[in-house]
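Presented below is the structure to which this report refers.
Computed from heavy atoms alone, side chains included, the values below leave out hydrogens, waters and symmetry copies.
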Amino acid sequence: SRAPTISVSAESCIPAGLRLGPVPGTFKLGKYLSDRKEPGPKKKVFSYAVSPVFQVRMVRGELVDEAGSSALEWIGLIRAARNSQEQTLEAVADLPGGQIFYRALRDVQPGEELTVWYSNPLAQWFDIPVTATPTHDEKGEERYICWYCWRTFKYPNSLKAHVHFHCALSHGRPFLHHDH
């Protein structure tokens, strides 16, 4: 079954380098990623004390929501980024196989959605493709093609997630690029 799509956005600036986590449960970032940005319920997060509903604010160096719940309560709601342009956080681990955290890649501005994708070392650890090379369709638009099953995707991370989680033809084989 699909996980519900929730939009988590900053209500105030979240500083670059801030680490959230650790991420609880089984880590399957991108398993439900699709090319569509589906509307869903929204949750706003704050990095400093402010008063609106659904706030998450900085308390003793940690982001917490209005009920005092730590990021562990809502970090799993952050959507996977479809590409690097919309990515605001990256998933990192201190050691391969260790606990996973999300780190702000830059200052996240108020109103921006928090989206996350694997850091290169973590992607390699999980055998997630690190790169995806686009081709162009008949209209000249960029598309990403699965070289195992030939399914096409609009975004590179949608292809990477497909290869890792869903493509029955790719399982057990390393990711191939079109130039191989």
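Legend: residues meeting side-chain hydrogen bond (donor to acceptor under 3.5 Å, both in side chains) with E141, ordered by chain and number and at least two apart, are R143. Partners of R151 by salt bridge (Lys or Arg N to Asp or Glu O under 4.0 Å), not counting sequence neighbours: none found. When the ring pair (Phe, Tyr, Trp, His ring centres under 6.0 Å) test is applied to F153, the partners found at least two apart in sequence or on another chain are H162. When the side-chain contact (heavy atoms from CB on, under 4.5 Å) test is applied to Q124, the partners found at least two apart in sequence or on another chain are V130. Every residue two or more places apart in sequence or in another chain was checked for a side-chain hydrogen bond (donor to acceptor under 3.5 Å, both in side chains) with T88, and none qualifies. For I100, the side-chain contact (heavy atoms from CB on, under 4.5 Å) partners at least two apart in sequence or on another chain are V23, F27, A91, A93, L122, F126.
The hydrophobic cluster containing I78 also contains F165, counting ILVMFWY residues as joined when their side-chain heavy atoms lie under 4.5 angstrom apart, directly or transitively. A single hydrophobic cluster is seen to contain both V116 and L77, as judged by linkage of ILVMFWY side chains at heavy-atom distances under 4.5 Å, directly or through other members. Put simply, L18 and I75 are part of the same group of oily side chains (I, L, V, M, F, W, Y) that touch within less than 4.5 Å, one to the next. Linking ILVMFWY side-chain heavy atoms closer than 4.5 Å, directly or via other members, places V92 and Y102 in two distinct hydrophobic clusters. Taken together through direct or relayed side-chain contacts under 4.5 Å among Ile, Leu, Val, Met, Phe, Trp and Tyr, W117 and V8 form part of one hydrophobic cluster.
Atom NE2 of H166 sits about 10.0 Å away from atom OG of S158, to the nearest 0.5 Å. With values rounded to the nearest 0.5 angstrom, S84 atom OG is found 10.0 Å from L105 atom CG. Remark: T152 OG1 to L159 CG distance equals 10.0 Å, nearest 0.5 Å. R106 CZ to I14 CD1: the interatomic distance, rounded to the nearest 0.5 Å, is 10.5 Å.
N157 places a side-chain N or O within donor-acceptor distance of the main-chain N or O of A81, the cut-off being under 3.5 Å. A donor-acceptor distance shorter than 3.5 angstrom exists from the side chain of Y118 to the backbone of L29, with no hydrogens or angles considered. Looking only at distances, no side-chain donor or acceptor of S9 sits under 3.5 Å from a matching main-chain atom of E112. A donor-acceptor pair is defined here as one N or O able to donate and one able to accept, closer than 3.5 Å; no such pair exists between the side chain of N83 and the backbone of Y155.
The shortest non-hydrogen separation linking A161 to G30 is CB-O, 3.2 Å. When all heavy atoms of A10 and V108 are compared, the pair lying nearest together is CB-CG1, 4.0 Å. Considering every non-hydrogen atom in both A104 and L89, the closest pair reads CA-CD2, 3.6 Å.
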Verdict with reasoning, K160 to Y144, per side chain to side chain contact (heavy atoms under 4.5 Å, CB included): CA-CA 9 Å; K160 295 172 190 177; Y144 297 84; over 6 Å; no

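Using a 4.5 Å heavy-atom threshold, the side chains of D35 and R82 count as separate. Proximity of I145 to W150: side-chain heavy atoms (C-beta onward) are separated by under 4.5 Å at one or more points.
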